[in-house]
Amino acid sequence: MTANLRAVAATCCYQVVDQGKSLSDVLPKAQFQFPLPADKALLQEICFGVLRYLPQLDFVCQQLMAKPLIKQLRPLQFLIYVGIYQLKFLRIPDHAAVGETVEAARALKGESMTKLINGVLRSVQRKPELFDVSQAPLSVQTNHPSWLVQSLQAAYPEQWQAVIDANQQKAPLWLRVNIQRCSINQFCQTLTDAGIAFTQPQPQMPQAILLEQAIDVTVLPGYHEGWFAVQDVAAQYAAQFLAPENSDSILDACCAPGGKTGHLLELAPQSQVLALDKDPQRLVRVRENLLRLGHQAEVKAGDAATPKQWWDGELYDRILLDVPCSATGVIRRHPDIRWLRKSADIAALATLQQQILIQIWPLLKPGGTLLYATCSVLPQENQQQIAQFLAHHQDAIPVALGLSINDSQWQILPGEQSADGFFYAKLQKKAN
């Protein structure tokens with residue numbers, strides 16, 4: 001018997017918001033219940049949409065319900081959000097959205113709630129004024145938690161609204177041509193022959209391909225042959241900035257899921273790369289990605305914050321340090337981040353980042369290069385982090401990132417150049 005899609009969507013959102021689970025964990029398992037690609041896509045669309053607009057969906061509910069559903073009825077509260085999202089944002093006919101959502105309540109053992117759910121959704125149909133949020137709190141207007149809005153306003157007084165707006169958009173699909181398997185021209189011609197529209201909007205990185213429409217990448221030509229990887233253009237800058245050479249010994253710390261590892265080996269296929277990550281489970285994905293792309297690297301489980309447990313004593317020519325962070329730069333790609341991340345997390349993350357940076361720095365050869373990276377937009381994790389490190393390490397020299405970026409640091413904001421939010425800082429260790 002096929003699972004009820006809207007009931008599954010409500011359960012996924014409940015697991016994220018109320019139970020603190022990652023959508024990246026719960027959604028693939030949920031999609032496995034549905035054999036048809038269209039159903040998988042609709043499930044993702046609903047889950048992403050509810051999490052993008054959760055405050056406004058709840059704002060509508062508050063006007064129509066005396067109090068929210070609690071305890072064992074919480075999944076049904078999220079089902080109401082699922083129904084409202086369909087009525088407001090999807091092209092599903094209203095009668096189908098209402099009917100299917102009410103039916104989903106029965107799948108969630110909420111027979112007694114069907115009249116309430118039907119009534120709420122019928123009212124949403126009749127009263128578009130329910131969505132007037134002009135007088136609502138800023139967290140409702142922006143669909144972001146208050147602490148994050150305040151942090152963005154403090155960091156980007158002229159740009160915070162643009163960041164919020166970008167976070168509400170669907171993330172574009174970027175590919176990176178694997179030049180060890182396929183030339184850029186060959187891959188572009190293959191896409192053209194298949195009728196797949198794309199652009200190459202980054203002249204200095206022609207391997208970065210932006211598809212005009214999202215698609216299941218496994219059906220793209222060359223997927224199984226390893227002709228390309230899926231990687232946002234902001235992340236593609238990492239290997240370019242580190243500029244590996246074939247003679248290098250390279251550490252890719254905190255490497256999972258391995259996109260940057262693969263890119264390093266595409267630029268310097270004879271280099272010796274150690275792909276390190278704390279989580280052995282995530283390293284399974286790293287190995288799978290490297291295998292598909294045809295790259296060879298040493299893959300090891302180890303905590304970058306405690307190198308004594310795994311380091312063999314050999315110094316590295318280059319280190320890519322993509323540290324754990326708040327991921328506030330990739331909210332458009334992972335809308336659950338805004339509900340999983342809390343204000344108190346930022347100080348703890350900043351402490352961990354500084355610890356990793358301090359512990360990894362001695363592993364770099366004199367004259368070697370370290371690239372610090374996050375997918376965060378918060379200065380505590382980025383500019384302030386590097387300033388603190390430089391103040392205590394006289395042997396660290398900021399150097400220009402390259403690729404016409406003449407500064408040693410670069411904060412990319414979400415949506416700029418159709419990219420995710422990312423931060424880079426490039427440091428060189430003084431030669432003896």
Side-chain angles (χ1 to χ4, degrees), residues 24 176-182 207 223-232 235-325 352-353 355-375 422 424-429:
S24 296
R176 184 192 76 238
V177 181
N178 177 5
I179 57 175
Q180 294 301 320
R181 284 282 177 94
C182 178
Q207 84 284 350
Y223 173 81
H224 296 288
E225 294 79 11
W227 287 6
F228 66 90
V230 179
Q231 188 180 40
D232 188 83
Q236 292 190 41
Y237 276 102
Q240 301 279 0
F241 287 155
L242 196 60
E245 298 180 358
N246 280 321
S247 59
D248 285 340
S249 172
I250 304 171
L251 170 63
D252 182 3
C254 316
C255 69
K260 300 177 187 69
T261 309
H263 197 184
L264 289 167
L265 288 162
E266 286 157 28
L267 297 179
Q270 310 233 322
S271 60
Q272 299 299 310
V273 176
L274 171 60
L276 182 85
D277 201 88
K278 182 179 180 180
D279 186 349
Q281 291 300 315
R282 298 189 76 201
L283 288 176
V284 174
R285 176 90 179 276
V286 175
R287 291 187 177 95
E288 290 173 349
N289 286 335
L290 292 175
L291 180 64
R292 184 179 69 83
L293 296 171
H295 301 318
Q296 296 288 331
E298 181 185 0
V299 180
K300 180 184 289 188
D303 188 346
T306 55
K308 288 182 179 179
Q309 297 178 1
W310 51 265
W311 182 43
D312 63 5
E314 294 293 323
L315 297 177
Y316 295 95
D317 297 288
R318 299 177 200 269
I319 297 176
L320 174 55
L321 196 57
D322 188 359
V323 294
C325 72
L352 175 61
Q353 290 156 1
Q355 179 186 1
I356 292 174
L357 191 48
I358 290 169
Q359 291 295 321
I360 288 293
W361 183 252
L363 279 58
L364 184 65
K365 289 180 181 178
T369 300
L370 182 145
L371 185 70
Y372 176 90
T374 77
C375 55
F422 240 82
Y424 289 109
K426 191 171 180 178
L427 304 174
Q428 188 173 59
K429 183 177 280 189

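Remember, predicted model here, so these are calculated numbers, not experimental data.
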*Asks:* Tell me whether Q296 at atom CD has more than 12 heavy atoms from other residues, nucleotides or ligands lying less than 6.0 Å away.
*Replies:*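 No, CD of Q296 has 12 or fewer neighbouring heavy atoms, counting only those of other groups under 6.0 Å.
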
*Asks:* Between Y372 and L427, is any pair of side-chain heavy atoms under 4.5 Å apart?
*Replies:* no

*Asks:* With a 4.5 Å limit on heavy-atom distance, are the side chains of L315 and P366 in contact?
*Replies:*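 In contact.
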
*Asks:* Of all heavy-atom pairs between C182 and V177, which one has the smallest distance, and what is that distance?
*Replies:*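 Scanning both residues completely, I find the closest heavy atoms to be O-CG1, 3.6 Å.
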
*Asks:* Might you point out which heavy atoms bring A301 and L276 nearest each other, and give the distance in Å?
*Replies:*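 Here A301 and L276 meet closest at C-CD1, 4.2 Å.
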
*Asks:* Which pair of heavy atoms, one from L265 and one from A297, lies closest together, and at what distance?
*Replies:*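 The pair with the smallest heavy-atom distance is CD1-CB, 3.9 Å.
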
*Asks:* Enter the distance from K429:NZ to L364:CG here, rounded to the nearest 0.5 Å.
*Replies:*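 K429 NZ to L364 CG: 5.0 Å, rounded to 0.5 Å.
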
*Asks:* Taking all atoms of both residues into account, what is the closest heavy-atom pair of F422 and C375, and its distance?
*Replies:*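 In terms of heavy atoms, the two residues are closest at CE1-CB, 3.6 Å.
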
*Asks:* Can you confirm whether Q180 is buried at CD, in the sense that more than 12 heavy atoms of other residues, nucleotides or ligands lie under 6.0 Å from that atom?
*Replies:*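 Yes.
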
*Asks:* Let me check something: any side-chain donor-acceptor pairs from residues 284-291 under 3.5 Å, sequence neighbours excluded? List them with distances.
*Replies:*
unit_1 : atom_1 : unit_2 : atom_2 : d
N289   : ND2    : P257   : O      : 2.8
N289   : ND2    : R285   : O      : 3.4

*Asks:* Got C255 and V299 here, is their nearest side-chain heavy-atom distance under 4.5 Å?
*Replies:* no

*Asks:* Taking the side chain as every heavy atom from C-beta outward, state whether L264 and S271 have any pair of such atoms under 4.5 Å apart.
*Replies:* no

*Asks:* So which heavy atom on S249 is nearest to which on Y316, and how close?
*Replies:* OG-CD2, 3.3 Å

*Asks:* Are L242 and T369 close enough, and set up right, to give a side chain to side chain contact (heavy atoms under 4.5 Å, CB included), and what steps lead you there?
*Replies:* CA-CA 7 Å; L242 196 60; T369 300; 4.1 Å; yes

*Asks:* Using the rule given for side chain to side chain contact (heavy atoms under 4.5 Å, CB included), can you reason through E266 versus Q207, listing the C-alpha separation, both sets of side-chain angles and the distance that settles it, and then say yes or no?
*Replies:* CA-CA 11 Å; E266 286 157 28; Q207 84 284 350; over 6 Å; no

*Asks:* Do any N or O atoms from the side chain of N178 and from the backbone of G226 form a donor-acceptor pair under 3.5 angstrom?
*Replies:* yes

*Asks:* Hey, could you give me each pair passing salt bridge (Lys or Arg N to Asp or Glu O under 4.0 Å) that has a residue in residues 299-325? Not counting sequence neighbours.
*Replies:*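 Pairs touching residues 299-325 that pass the test: E245-R318, D248-R318, K260-D322, K278-D303, E298-K300, D317-K365.
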
*Asks:* How long is the straight-line distance from CG of L352 back to SG of C325, given to the nearest 0.5 Å?
*Replies:* 10.5 Å

*Asks:* Within 45° of the six-membered ring axis of F228 and under 6.0 Å from that ring's centre, is NZ or CZ of R181 located there?
*Replies:*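 Because its charged atom misses either the 6.0 Å distance or the 45° angle limit, R181 does not stack over F228.
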
*Asks:* Would you compute the distance between atom CG of L320 and atom CG of D252 and round it to the nearest 0.5 angstrom?
*Replies:*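 Nearest 0.5 Å value for the CG-CG distance: 4.5 Å.
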
*Asks:* Indicate whether any N or O donor in one side chain lies under 3.5 Å from an N or O acceptor in the other, for R176 and Q231.
*Replies:* yes

*Asks:* For Q359 and P307, which heavy atoms make the closest approach, and how far apart are they?
*Replies:* O-CG, 3.6 Å

*Asks:* Is there a donor-acceptor pair closer than 3.5 Å between any side-chain N or O of Y424 and the backbone N or O of A238?
*Replies:*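 Pair found, side chain donor or acceptor close to backbone of A238.
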
*Asks:* Stepwise, does the side chain to side chain contact (heavy atoms under 4.5 Å, CB included) test hold for L357 with L370?
*Replies:* CA-CA 10 Å; L357 191 48; L370 182 145; 4.0 Å; yes

